[in-house]
*Asks:* 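Here it is, the structure, as structure tokens.
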Amino acid sequence: MQAVLTDAEERMKKALATLDKEFARLRTGRATTSLLDGLRVDYYGTPTPLDQIASVATPDSRTITIQPWDRKAFSDVERAILKSDLGLTPVNDGKIIRISIPPLTEDRRKDLAKVAKKYAEEAKVAVRNIRRDANEALKKKKNDKSISEDDQHRGQEDVQKLTDAYIAKAEDILSKKEKEIMEI
């Protein structure tokens, strides 16, 4: 029974870690290198993560700088940024690529808050699916006679407490992100 609970908790932690990654890529008007984490550059015909062909830095809160190690990669990096759905425009001065992060409009902030809610809801659904899987595993153990019916009920109560705790954590993460998005 403890193995089922431990497995469920590990999977719930991963669901919240995924939520954190999604939120890190959500633009909040502040420059951060994590905005470009999922960006792949077509480098010599191979989709390559940006951080493997360039150094990415944030010299101030409104600017991201990208310095490709290969001179030929400048245009590929620019093209990848323009093609992405980030809505950012790179400026290439021949030595470094700069991206200015414009301040967010009120409408854009509201749209980002909706996207954040969607990500949080997906994480909560994942946590609930993990609860369902754990309860099914407990039911199967009871049917195999490896645990008693009382143990199954206790296990289901523990799984529910775990689920409630992780859904509350997801809500907490969401409220912090919404506050960050709506902050001017």
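When a residue number appears, it is its place in the shown sequence, counting from 1. Values below: all heavy atoms of this structure, side chains included; hydrogens, waters and symmetry mates excluded. This one's a predicted model, so the numbers in the text were calculated from it and none came from an experiment.
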*Asks:* Just so I know, are the side chains of Leu36 and Ile66 near enough to count as touching, which here means a heavy-atom distance under 4.5 Å?
*Replies:* yes
*Asks:* Does a side-chain heavy-atom distance below 4.5 Å link Thr65 with Val56?
*Replies:* no
*Asks:* Tell me, do Phe23 and Leu174 make a side-chain contact under 4.5 Å, heavy atoms counted?
*Replies:* yes
*Asks:* Of all heavy-atom pairs between Pro90 and Ile99, which one has the smallest distance, and what is that distance?
*Replies:* CA-CG1, 4.1 Å
*Asks:* Could you check whether any side-chain heavy atom of Met12 comes within less than 4.5 Å of a side-chain heavy atom of Thr163, counting everything from C-beta outward?
*Replies:* yes
*Asks:* Applying the 4.5 Å side-chain criterion to the ILVMFWY set and letting contacts propagate, would Ile81 and Ile53 be lumped into a single cluster?
*Replies:* yes
*Asks:* With heavy-atom distances below 4.5 Å as the criterion, would you say the side chains of Ile101 and Thr63 are in contact?
*Replies:* no
*Asks:* At what distance, to the nearest 0.5 angstrom, does CG of Asp20 lie from OH of Tyr119?
*Replies:* 13.5 Å
*Asks:* Taking all atoms of both residues into account, what is the closest heavy-atom pair of Ser34 and Ala24, and its distance?
*Replies:* OG-O, 3.0 Å
*Asks:* Under 4.0 Å between a side-chain nitrogen and a carboxylate oxygen: does that hold for Asp150 and Arg154?
*Replies:* no
*Asks:* Kindly compute the distance separating CZ (Arg109) from NZ (Lys114), expressed to the nearest 0.5 Å.
*Replies:* 15.5 Å
*Asks:* With a 3.5 Å distance limit and no angle check, can you tell me whether Ser146 reaches the backbone of Lys141 through a side-chain donor-acceptor pair?
*Replies:* yes
*Asks:* Between the side chain of Arg62 and the main-chain N/O of Ser100, is any donor-acceptor distance below 3.5 Å?
*Replies:* no
*Asks:* Are side-chain N/O atoms of Asp70 and Tyr44 paired as donor and acceptor at under 3.5 Å?
*Replies:* yes
*Asks:* Tell me, please, which residues at least two apart from Gln160 pass side chain to side chain donor-acceptor pair (under 3.5 Å).
*Replies:* Arg131, Asp164
*Asks:* If you measure from CD on Glu171 to CD on Glu178, what distance do you get to the nearest 0.5 Å?
*Replies:* 8.5 Å
*Asks:* If only atom types and distance count, is the side chain of Lys169 paired as donor or acceptor with the main-chain N or O of Leu16 below 3.5 Å?
*Replies:* no
*Asks:* Please determine whether side chain to side chain contact (heavy atoms under 4.5 Å, CB included) holds for the pair Arg98 and Ile64, giving the CA-CA distance in whole Å, both sets of side-chain angles, and the decisive distance to 0.1 Å.
*Replies:* CA-CA 6 Å; Arg98 294 182 200 292; Ile64 298 175; over 6 Å; no
*Asks:* Please report the C-alpha distance between Val77 and Tyr43 in whole Å, then the side-chain angles of each, then the deciding distance to 0.1 Å, and finally whether the side chain to side chain contact (heavy atoms under 4.5 Å, CB included) criterion is met.
*Replies:* CA-CA 8 Å; Val77 170; Tyr43 186 61; over 6 Å; no
*Asks:* Verify whether one side chain among Arg132 and Asn129 offers a donor that lies under 3.5 Å from an acceptor in the other.
*Replies:* yes
*Asks:* What's the shortest heavy-atom distance between Arg128 and Ile167, and which atoms?
*Replies:* NE-CD1, 3.7 Å
*Asks:* Check this for me, if you would: do Arg79 and Asp76 make a salt bridge, where the nitrogen-to-carboxylate-oxygen distance has to be below 4.0 angstrom?
*Replies:* yes
*Asks:* Could you grab the distance from atom CE of Met1 to atom CG of Leu138, nearest 0.5 Å is fine?
*Replies:* 7.0 Å
*Asks:* Find the distance between CG (Asn135) and NZ (Lys139) and round it off to the nearest 0.5 Å.
*Replies:* 7.0 Å
*Asks:* I need the Leu82 CG to Leu88 CG distance, nearest 0.5 Å.
*Replies:* 9.5 Å
*Asks:* Please test Glu122 against Glu22 for side chain to side chain contact (heavy atoms under 4.5 Å, CB included), starting from the C-alpha separation and ending with a verdict.
*Replies:* CA-CA 11 Å; Glu122 288 171 0; Glu22 293 289 342; 5.9 Å; no
*Asks:* Among Lys118, Lys124, Lys117, which residue satisfies the salt bridge (charged side-chain N to carboxylate O under 4.0 Å, His left out) criterion with Glu121?
*Replies:* Lys124
*Asks:* Is Ile96 reachable from Leu39 through a run of hydrophobic residues whose side-chain heavy atoms are each under 4.5 Å from the next?
*Replies:* no
*Asks:* Of the non-hydrogen atoms in Asp42 and Pro47, which two are nearest, and what is the gap between them?
*Replies:* OD1-N, 4.3 Å
*Asks:* Using a 4.5 Å cut-off on heavy atoms from C-beta on, say whether the side chain of Pro68 contacts that of Ile97.
*Replies:* yes
*Asks:* State plainly whether the residues Arg11 and Asp133 are in salt-bridge range, i.e. N to O under 4.0 Å.
*Replies:* yes
*Asks:* Does one hydrophobic cluster hold both Val127 and Leu5, with members joined at side-chain heavy-atom distances below 4.5 Å?
*Replies:* no
*Asks:* Taking all non-hydrogen atoms of both residues, which atom of Ile181 and which atom of Ala116 are closest, and how far apart?
*Replies:* CD1-CB, 4.1 Å
*Asks:* What is the minimum heavy-atom distance between Arg40 and Ala80, and which atoms define it?
*Replies:* O-CB, 3.6 Å
*Asks:* Do NZ/NE/NH1/NH2 and the carboxylate oxygens of Lys177 and Glu180 come within less than 4.0 Å?
*Replies:* yes
